[in-house]
Amino acid sequence: MSVPRPAGTALSVPRGYVEYLQARLLEAEASLTAMNEKYERTKARFDRCYARHGITPEEDIVNYINAKGMNPELKFWYAKVEHFQREVTAYGTALTGLDAARRMLGDDGYRVPEHGRARNNRRALNRPG
């Protein structure tokens with residue numbers, strides 16, 4: 001159950017909050033790019049090291065997967081990549097949801113009707129003129 005709001009109050013999202021979400025999304029995207037690059041460099045170094053011993057996905061997939069799973073540096077950077085993927089998803093989803101709500105409710109946002117006035121709802125349609 002929702003708590004009734006006083007007449008005349010707006011349910012719009014403050015512009016500062018949207019700007020905050022946008023800034024956080026940009027930070028998360030930049031961090032994701034940086035962590036992905038670090039992971040790719042670390043993985044390339046890992047692949048070169050193990051290839052010298054004949055352990056590659058093509059030659060010995062079982063040992064390659066085992067070695068990759070036991071490498072703490074790869075685990076660390078991959079965990080960072082996953083973390084920033086989740087942040088990008090969260091902030092992007094929040095902004096997408098706010099934008100969809102804004103479009104659905106109109107550019108001005110949704111305003112609670114004043115007491116005694118009905119606005120295009122079923123109860124208003126059934127009332128005599």
Side-chain angles (χ1 to χ4, degrees):
M1 247 168 100
S2 63
V3 177
R5 296 182 184 275
T9 62
L11 296 174
S12 63
V13 177
R15 182 77 189 140
Y17 181 63
V18 173
E19 290 170 355
Y20 164 79
L21 288 174
Q22 290 170 335
R24 291 301 308 239
L25 177 60
L26 290 174
E27 288 173 21
E29 287 174 339
S31 297
L32 175 60
T33 300
M35 293 304 119
N36 197 40
E37 288 172 0
K38 288 180 182 183
Y39 173 76
E40 290 299 325
R41 283 194 308 267
T42 303
K43 186 174 178 305
R45 191 171 59 243
F46 168 84
D47 286 344
R48 283 191 307 271
C49 176
Y50 278 85
R52 285 193 294 263
H53 299 290
I55 301 173
T56 65
E58 295 81 22
E59 299 293 322
D60 188 359
I61 188 69
V62 172
N63 284 327
Y64 177 82
I65 290 172
N66 288 339
K68 189 175 168 187
M70 293 188 317
N71 187 300
E73 193 175 10
L74 281 176
K75 283 182 181 179
F76 175 79
W77 290 118
Y78 192 73
K80 290 289 191 178
V81 168
E82 287 180 324
H83 168 76
F84 287 110
Q85 285 173 336
R86 286 188 298 272
E87 275 200 6
V88 166
T89 300
Y91 292 123
T93 301
L95 287 167
T96 301
L98 289 173
D99 186 53
R102 180 192 56 78
R103 284 183 281 118
M104 184 175 72
L105 299 173
D107 288 338
D108 294 336
Y110 177 73
R111 301 216 181 267
V112 176
E114 296 171 15
H115 291 292
R117 284 184 57 201
R119 293 199 184 178
N120 296 332
N121 60 28
R122 285 189 173 272
R123 284 182 274 153
L125 295 174
N126 292 331
R127 288 187 187 159

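In this structure, L74 CG and R45 CZ are separated by 8.5 Å, a value rounded to the nearest 0.5 Å. Atom-to-atom distance recorded for I61:CD1 and I55:CD1 is 11.5 Å, nearest 0.5 angstrom. In this structure, K38 NZ and E73 CD are separated by 10.5 Å, a value rounded to the nearest 0.5 Å. Rounding to the nearest 0.5 Å gives a distance of 10.5 Å between OG1 of T56 and CG of N63.
Atom CD of E82 sits in a crowded spot, with more than 12 heavy atoms from other residues, nucleotides or ligands closer than 6.0 Å.
Between H83 and R86 there is a side-chain heavy-atom pair separated by less than 4.5 Å.
Scored by the ring pair (Phe, Tyr, Trp, His ring centres under 6.0 Å) test, F84 finds no partners at all (sequence neighbours excluded).
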Listed pairs under 3.5 Å, donor-acceptor, residues 15-35 side chains, sequence neighbours left out:
unit_1: R24; atom_1: NH2; unit_2: Y91; atom_2: OH; d: 3.4
unit_1: S31; atom_1: OG; unit_2: E27; atom_2: O; d: 3.0
unit_1: T33; atom_1: OG1; unit_2: E29; atom_2: O; d: 3.0

Which pairs of donor and acceptor atoms, one on a side chain in residues 46-54, lie under 3.5 Å apart (sequence neighbours left out)?
unit_1: D47; atom_1: OD1; unit_2: Y64; atom_2: OH; d: 2.6
unit_1: D47; atom_1: OD2; unit_2: K43; atom_2: NZ; d: 3.0

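Under the 3.5 Å distance criterion, the side-chain polar atoms of K75 are left unmatched by any main-chain donor or acceptor of M70.
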